[in-house]
Trainee: 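Got a structure here, written out as structure tokens. Questions coming.
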Amino acid sequence: MITLKSPQQVDRMREAGKLLYEVETALREAIHPGITTNELDRMAERMIRDAGAIPSFKGFEGFPATICASPDDMVVHGFPDDKPIESGHILSVDCGLVLHGWQADSAFTAPVGEIPKEIQELIRVTEECFWLGAAQAREGNRLGDIGYAVQEHAEKHGFGVVRDLTGHGIGTEMHEDPSVPNFGKAGRGLRLRAGMTIAIEPMIAKGDWKVYVKDDGWGVVTRDHSWCSHYEHTLAITGDKPEILTYHGPRVSEDVQ
Ligand code: MG
Ligand code: MG
């Protein structure tokens, strides 16, 4: 069931989103060779709880941590651990929280030290995919417009769009309807309405898009072990431009607010 949110409810989600933006900004700044993903996890949990919020991933279907920490060829759902991260790799961090009953969900991929140019490009294009998809999240457009914009941009660069996982509606639950695929046909699918709140989250692989789930039942890895980038924000569809609830930095796109 799709729940439409009132402007007051979107205000609450923006509060949650602002806190998550602060947490993820701090995590980004903390990522450097030698730090462990468990240290990042503890930092995120402390910031979230100190602000009176709850980490939404911890305990969700048994997930053990506040962040998902997914290096290199792992797409999503990696467990944080005590291994220091090394220069030349990438790390995808996904985090979610609940503040006063409202959810925020956001992810990014960061370089650890120096990384190859083509991997920098993978990260940049993945973020561009998000902003292009978000620009389509307008009242009257359709879900397929979002997926098409993401897919077209990724594939134009020769990258693979992971299909097994999608974005999603979000509100008082982390995962609500509808599912928001990163691929699709323009002009097809569910019609978007003001008051819908969704997470758009392109997962883009340097190589093929096919993935498998690790033996731990969580970690999702590309079958060809090509590296993968992830970028996600929670946003609200309005009567005007979509509003990104988990991004509060310098303006990236004229097509969103
Ligand atoms: Mg997420
Ligand atoms: Mg999500």
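Side chains are part of it too, since the values below use all heavy atoms of this structure and drop only hydrogens, waters and symmetry mates. Everything quoted here is computed from the prediction, not taken from an experiment.
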Trainee: Test side chain to side chain contact (heavy atoms under 4.5 Å, CB included) on Ser70 and Asp94; report intermediate values, then the result.
Mentor: CA-CA 8 Å; Ser70 311; Asp94 197 346; over 6 Å; no
Trainee: Under 4.0 Å between a Lys/Arg side-chain N and an Asp/Glu carboxylate O for Asp145 and Arg142?
Mentor: no
Trainee: Has Thr246 got a side-chain atom pairing as donor or acceptor with Gly17's backbone, closer than 3.5 angstrom?
Mentor: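 Flag not set: sc Thr246 to bb Gly17 has no pair under 3.5 Å.
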Trainee: Classify the side-chain pair Ser179/Thr166 by whether it contains a donor and acceptor separated by less than 3.5 Å.
Mentor: yes
Trainee: Once rounded to the nearest 0.5 Å, what's the spacing between atom CG of Leu19 and atom CD of Glu24?
Mentor: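 That separation rounds to 10.5 Å.
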Trainee: Less than 4.5 Å apart, any side-chain heavy atom of Leu143 and any of Val180?
Mentor: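 The answer is yes; the side chains approach within 4.5 Å.
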Trainee: Side chains of Glu39 and Thr36 only: does a donor on one sit below 3.5 Å from an acceptor on the other?
Mentor: yes
Trainee: Are Tyr212 and Met74 grouped together when hydrophobic residues (ILVMFWY) are joined by side-chain heavy atoms under 4.5 angstrom apart?
Mentor: yes
Trainee: Is a donor from one side chain sitting under 3.5 angstrom from an acceptor on the other, for Asp105 and His168?
Mentor: yes
Trainee: Of Gln9, Glu173, Glu176, which is the lone residue that meets side chain to side chain donor-acceptor pair (under 3.5 Å) with Thr3?
Mentor: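 Option passing the side chain to side chain donor-acceptor pair (under 3.5 Å) with Thr3: Glu176.
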Trainee: With a 4.5 Å cut-off on side-chain heavy-atom distances among I, L, V, M, F, W and Y, is there a chain of contacts connecting Leu132 to Phe130?
Mentor: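 Leu132 does not cluster with Phe130.
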Trainee: Would His230 and Phe108 count as a close aromatic pair, with their ring centres under 6.0 Å?
Mentor: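 Ring centroids of His230 and Phe108 are no less than 6.0 Å from each other.
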Trainee: Please check if the distance between the ring centroids of Tyr247 and Trp131 is under 6.0 Å.
Mentor: yes
Trainee: At what distance, to the nearest 0.5 angstrom, does CD1 of Ile67 lie from CG of Asp41?
Mentor: 5.0 Å
Trainee: For the side-chain contact (heavy atoms from CB on, under 4.5 Å) test, which of Val211, Val213, Val75, Val220 pairs with Asp164?
Mentor: Val211
Trainee: How about CZ on Arg193, more than 12 heavy atoms from neighbouring residues, nucleotides or ligands closer than 6.0 Å, or not?
Mentor: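 Check fails, neighbour count at 12 or below.
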Trainee: Do Tyr21 and Val93 sit in one hydrophobic cluster, given that two such residues count as connected whenever their side-chain heavy atoms are within less than 4.5 Å of each other, even indirectly?
Mentor: yes
Trainee: For residues Ile198 and Leu235, determine if any side-chain heavy atom of one lies less than 4.5 Å from a side-chain heavy atom of the other.
Mentor: yes
Trainee: About how many Å separate OG1 of Thr234 and CD1 of Ile244, when rounded to the nearest 0.5 Å?
Mentor: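 It comes to 9.5 Å.
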Trainee: Measure the CG-CG distance between Asp82 and Asn38 for me, rounded to the nearest 0.5 Å.
Mentor: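 Taking CG in Asp82 and CG in Asn38, the distance rounds to 4.5 Å.
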Trainee: Closest heavy-atom contact between Ser92 and Cys228?
Mentor: OG-O, 4.0 Å
Trainee: Could you check whether any side-chain heavy atom of Leu192 comes within less than 4.5 Å of a side-chain heavy atom of Gln136, counting everything from C-beta outward?
Mentor: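 No. Closest side-chain heavy atoms not under 4.5 Å.
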Trainee: Through direct or indirect side-chain contacts below 4.5 angstrom among Ile, Leu, Val, Met, Phe, Trp and Tyr, which residues connect to Tyr148?
Mentor: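 Tyr148 shares its hydrophobic cluster with no other residue.
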Trainee: Does Arg188, at its CZ atom, have more than 12 non-hydrogen atoms belonging to other residues, nucleotides or ligands within less than 6.0 Å?
Mentor: no
Trainee: Would you give the length of the straight line joining atom CG of Leu122 to atom CD1 of Ile90, rounded to the nearest 0.5 angstrom?
Mentor: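 The CG atom of Leu122 sits 6.0 Å away from the CD1 atom of Ile90.
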Trainee: Do the rings of Phe57 and Phe63 sit parallel, tilted or perpendicular, given the 30° and 60° boundaries?
Mentor: perpendicular
Trainee: Less than 4.5 Å apart, any side-chain heavy atom of Val150 and any of Pro202?
Mentor: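 A side-chain contact exists here, since the closest heavy-atom pair is under 4.5 Å.
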Trainee: With side chains defined as the heavy atoms from C-beta onward, is the minimum distance between Ile85 and Ile31 less than 4.5 Å?
Mentor: yes
Trainee: Look at the side-chain heavy atoms of Ile, Leu, Val, Met, Phe, Trp and Tyr, link any pair under 4.5 Å apart, and say whether Leu27 and Leu91 land in one connected group.
Mentor: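 Result: yes, single cluster for both.
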Trainee: Please check if any side-chain donor atom of Thr238 sits under 3.5 Å from a side-chain acceptor atom of Glu243, or the reverse.
Mentor: no
Trainee: Any idea which heavy atoms bring Leu190 and Pro178 closest together, and the distance?
Mentor: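 What the structure gives for the nearest pair is CD2-CG, 3.9 Å.
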Trainee: Which heavy atom in Gly34 sits nearest to a heavy atom in Pro84, and how many Å separate them?
Mentor: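 Heavy atoms of Gly34 and Pro84 come nearest at O-CB, 3.4 Å.
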Trainee: Does the distance from a Lys or Arg side-chain N to an Asp or Glu carboxylate O, for Glu22 and Lys18, drop under 4.0 Å?
Mentor: no
Trainee: Measure across Ile115 and Gly88 and return the closest heavy-atom pair with its distance rounded to 0.1 Å.
Mentor: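 Heavy atoms only, the tightest pair is CG2-C, 3.8 Å.
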Trainee: Is the closest basic N to carboxylate O distance between Glu45 and Lys58 below 4.0 Å?
Mentor: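 Yes, charged N to carboxylate O under 4.0 Å.
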Trainee: Does Asp216 CG have over 12 foreign heavy atoms under 6.0 Å away?
Mentor: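 Counting other residues, nucleotides and ligands, CG of Asp216 exceeds 12 neighbours.
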Trainee: Report the relative orientation of the aromatic rings in His153 and His157; use parallel for angles under 30°, tilted for 30 to 60°, perpendicular for over 60°.
Mentor: perpendicular
Trainee: How far apart are the C-alpha atoms of Val161 and Arg163, what are their side-chain angles, what is the distance that settles it, and do they pass the side chain to side chain contact (heavy atoms under 4.5 Å, CB included) test?
Mentor: CA-CA 6 Å; Val161 176; Arg163 285 157 169 69; 4.0 Å; yes
Trainee: Restricting to non-hydrogen atoms, name the atom on Ala137 and the atom on Ile237 that form the minimum distance, rounded to 0.1 Å.
Mentor: O-CG1, 3.5 Å
Trainee: Shortest non-hydrogen contact from Leu40 to Ala30?
Mentor: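 Shortest heavy-atom contact: CD2-CB, 3.8 Å.
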Trainee: For the side chain of Asp255 and the backbone of Ala135, is there at least one donor-acceptor N/O pair under 3.5 Å apart?
Mentor: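 No; zero donor-acceptor contacts below 3.5 Å.
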Trainee: Tell me, with the steps shown, if Asp50 and Ile48 meet side chain to side chain contact (heavy atoms under 4.5 Å, CB included).
Mentor: CA-CA 6 Å; Asp50 283 354; Ile48 291 169; over 6 Å; no
Trainee: Any sub-3.5 Å donor-acceptor pair from Arg12's side-chain atoms to Pro7's backbone N or O?
Mentor: no
Trainee: Which other residues belong to the hydrophobic cluster containing Ile170, where Ile, Leu, Val, Met, Phe, Trp and Tyr are joined when side-chain heavy atoms lie under 4.5 Å apart, directly or via other members?
Mentor: Val10, Met13, Trp102, Leu245
Trainee: Clusters formed by hydrophobic residues whose side-chain heavy atoms approach within less than 4.5 Å: which one holds Trp209, and what are its other members?
Mentor: none
Trainee: Check the hydrophobic clustering (I, L, V, M, F, W, Y; side-chain heavy atoms under 4.5 Å; chains of links allowed) and say if Val112 and Ile35 are grouped together.
Mentor: yes
Trainee: Hey, would you say the Tyr231 and His233 ring centroids sit under 6.0 Å apart?
Mentor: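 Tyr231 vs His233: aromatic centres under 6.0 Å.
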Trainee: Counting distance only, does the side-chain N/O of Thr37 pair as donor-acceptor with the main-chain N or O of Asp81 below 3.5 Å?
Mentor: yes
Trainee: Going through the distances and angles, do Trp227 and His89 end up as a side chain to side chain contact (heavy atoms under 4.5 Å, CB included)?
Mentor: CA-CA 9 Å; Trp227 287 13; His89 294 262; 4.2 Å; yes
Trainee: Are the side chain of Asp208 and the backbone of Gly160 linked by a donor-acceptor contact shorter than 3.5 Å?
Mentor: no
Trainee: More than 12 non-hydrogen atoms from neighbouring residues, nucleotides or ligands closer than 6.0 Å to NZ on Lys117, yes or no?
Mentor: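 Result for NZ/Lys117: open.
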Trainee: To the nearest 0.5 Å, tell me how far Asp72 CG sits from Ser229 OG.
Mentor: 11.5 Å
Trainee: Taking the side chain as C-beta and beyond, is there a heavy-atom pair between Ser56 and Met174 under 4.5 Å?
Mentor: yes
Trainee: Check this for me, if you would: do Glu139 and Lys241 make a salt bridge, where the nitrogen-to-carboxylate-oxygen distance has to be below 4.0 angstrom?
Mentor: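 No salt bridge links Glu139 with Lys241.
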